[in-house]
Amino acid sequence: MSGTKGLNRQQMADRVAREFQDGWIVNLGVGIPTMCSNTDIGDRDITYHSENGVIGYGGVAAEGHEDLNLVNAGGQNVTLKPGAAVVHHADSFGVIRGGHIDATVMGAYQVSMTGDFANWKLKGQKGGGIGGAMDLAACARRVFIILEHVTRDGSARLVTACDLPVTARGVVTLVATNYGLFEPTRTGFLLREIAPGLTVDEIRATTGGMLTVTHGLREISISG
Amino acid sequence: MSGTKGLNRQQMADRVAREFQDGWIVNLGVGIPTMCSNTDIGDRDITYHSENGVIGYGGVAAEGHEDLNLVNAGGQNVTLKPGAAVVHHADSFGVIRGGHIDATVMGAYQVSMTGDFANWKLKGQKGGGIGGAMDLAACARRVFIILEHVTRDGSARLVTACDLPVTARGVVTLVATNYGLFEPTRTGFLLREIAPGLTVDEIRATTGGMLTVTHGLREISISG
Amino acid sequence: MTQKTKLRSSFAEAVADIPDGSTIAFGGFAMPGTPFNLIKALMDQGAKRLTLVANTTGGAQQPRMPDIGMLVENGQVAKVICAFTAATRPTDKLPFTPYYESGEVEAELVPQGTLAERMRAAGAGIPAFYTPTAVGTELAEGRETRVINGREYLLEYALPLDYAFIRARTADTAGNLRFHRSQRNFGPVMATAARVTIAEIDEPIIAAGGIDPDDVHTAGIYVHRLVQVPPAPDGLWPTKRQERKR
Amino acid sequence: MTQKTKLRSSFAEAVADIPDGSTIAFGGFAMPGTPFNLIKALMDQGAKRLTLVANTTGGAQQPRMPDIGMLVENGQVAKVICAFTAATRPTDKLPFTPYYESGEVEAELVPQGTLAERMRAAGAGIPAFYTPTAVGTELAEGRETRVINGREYLLEYALPLDYAFIRARTADTAGNLRFHRSQRNFGPVMATAARVTIAEIDEPIIAAGGIDPDDVHTAGIYVHRLVQVPPAPDGLWPTKRQERKR
């Protein structure tokens, strides 16, 4: 993976999880987003929802204590927190489509400076893997994206306009990469925080589209 | 009430209940239709559904044994049969709208020879009482109507065309009145069975629209 | 768990902040599931120009319990969305009916299944849907229909709510609910459609986790305020239905 | 009770009459709720030109269990309607993917929530509905959209099924079902959309009335055939998920 600079995967997840507010209902996508549930969020009460109808799941089950009929969206055997509830798939997407998810965290191939993103299909591919991503992208109150800042061959993933088929348009609220924390705005990507060891010039050189930098730019705290 | 001739209310209900086939799911409307659940249907297994989400209710609860949180569509405290299930209102009308009700039995003010019927609003009335009647009328597989053959002032309730606002059009499968059993057909009402003590001439004189009589017309058996 | 508690110590407290002009749905089909205590508190609270949503406006049965009709008589109601503006039996008179007939209060008459589905749609993010119900009737006049696979359907829109007042048997502190028998009816549907759901609860409220996750009827994410119903006569409870004299 | 029993003594018997050309949905999200035993029986039964509906075509995980991919390899499938024609990780290869890419099998790619809602609509008599999902994407190209309250929505149609294969924890002889935890997923939705629902059941099937009416997840009216899953190795059961080697 190309993420040798800046934050590692758990640190990206940690930074996004710090955005979660007390009482939020959050859906975590497969991959790095799942790692948000490892983040210590102190005394904030967050309810994790997964597409298969589990509302209020906890950490991954300990070896030998798995319930084989209880998985999160990534198919991992998880536990339940007190106060959890299970609903069927249509009701679960009722939670999503009805606007009851405060934030969804997803991976992506590309994010555009206007808040489009692409995560279901490669260029020229026939078909793809949509899963619940389009529902979540279109309907969650906030869409947080976590992705490596550049591709394996060094090209930008934060772009002026996606050239991959998009998952939804104009929905991305916040982007965490290994290089920094970004917000799509009407004037392009706003760099809100920078990863330790990175410079604004490095980020500018590897970011497509316009880039503005917040006043008093701070480093991302990686203590948690 | 005008039903001094022919069948009484329970006998009308009994005649309709005899149409129910083993395994059917049946919705009974308020009033005379409810009395179908008093009919001895032998060893046929009928599941009664009510709009408020009770699937598989039984008779009215014995005095002193009522569950005050369990009512049928008419608000009576009923019992449950083994194998009953309760669902919420949207799911309950999913049962209805989805075509899962084999037969609904309703009262009406008028039925037309083309299978329209009217049961929610009087002439000139502002508003009315629809309840679940329009959903049931439009979506049940069979619509059975029970009504007195003539109004208090002696005019026909089986008519060429309803002059009251209709509940649904072209949906009525079978009509039981105190005078007989009728089927709306393309050639008008078909008299299928006649109540004891009535003559075809009396029926013809009190029925609007065209009337045809089945070959080998039989009396309605009132033994049950 | 720092999330603010959902427990409220009184019905008055639970409805105190409801502003004039709100859209409020009341659960209930006949007595079961009707939030009598919250409706009573809303009468005392006095919010005006309300749009109320329920199966019926109430008052067809004795003894009379708090219902939409009483809120109408109290001058609090601008509009009612329901499946009955009049009783099923024309000889029964609903207290609400004369207010509607005189034009003092507006009403939107909706088939019961369409009413439930419009709230389900609001909760599930479906802005509009097609239904066979009411096609060919006065209710469909002048409205948009569409032929799909050879059958005609009516377009219906979601019905979002500001508040839902519902009644359940059991609740935990996370807001998870269980209903008893036909107490369920509109409750779970209205809860999903409302910005704020207020539930009156028959039994003492238990700790989160006290209801098995497989046995929850309405998930706690949909329920915002809980009030336990005190024993009668302080609390109002369903009674046996008595036929009105004809 | 003369109604014909819903109990079937084998998976082979439960699927014996399924004709060529049927539309069949399989419950399941990852392992939980997947009707492995019925899928295996369908492979032995041999029905052809099937349209299969499921969240995914399977085969991304080890150990591999009976899945749509195997039915495709078996030459039984004309079309698949699902949320994944390819794996989430581009480096994973689904067994189904090459058949789709070569055009040998047709596929309709549907967002997961839309897939669930289309079946819910079929079961609930809603022929079509609007959804915000997929607006502005390739999936919406050339399709009908509508602006409602200032937002654009896509028109989606109901997806009725001939058969639903589902798996539950508990059943009574009336066909009432209970699911355990995330075993529930698509099961209750598919059951409402199908003409014939066939359920494989983890536990011994109990007498009607053995499940409290308040605790039923899927009402028996939606379930037509029940088969109890025998212990392994005769019966197939979920196992712990093992990551595929990358």
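By convention in this document, chain letters (A, B, ...) are assigned in the order of the sequence lines, proteins followed by strands, and residues within each chain are numbered from 1.
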Distance only, no hydrogens: is a donor on one side chain within 3.5 Å (strictly under) of an acceptor on the other, for D:Thr170 and D:His180?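 Checked: D:Thr170/D:His180 side chains show no N/O donor-acceptor pair below 3.5 Å.
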Can you see which heavy atom on D:Ile166 is nearest to which on D:Met190, and at what distance?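 That would be CG2-CB, 4.4 Å.
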I need the minimum non-hydrogen distance between D:Ile126 and D:Arg120, along with the two atoms involved.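 Heavy atoms of D:Ile126 and D:Arg120 come nearest at CG1-NH1, 4.3 Å.
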Residue, of D:Ala207, D:Gly123, D:Ala193, that accumulates the most heavy atom pairs under 4.5 Å with chain B: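 The residue among D:Ala207, D:Gly123, D:Ala193 with the greatest pair count is D:Gly123.
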Contact leader toward chain B among D:Gly209, D:Gly125, D:Ala124, where contacts are heavy-atom pairs under 4.5 Å: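 The answer is D:Ala124.
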Pick from B:Ile46, B:Ile25, B:Leu80: which one has the most heavy-atom pairs with chain D under 4.5 Å?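 Top count of heavy-atom pairs under 4.5 Å with chain D: B:Ile25.
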Name the region of B:Val95, side chain, backbone, both or neither, that has any atom closer than 4.5 Å to a heavy atom of chain D.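 Its backbone and side chain both get close to chain D.
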Nearest-0.5 Å distance, CG of residue D:Leu177 to OH of residue D:Tyr222: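 Reported value, rounded in 0.5 Å steps: 12.5 Å.
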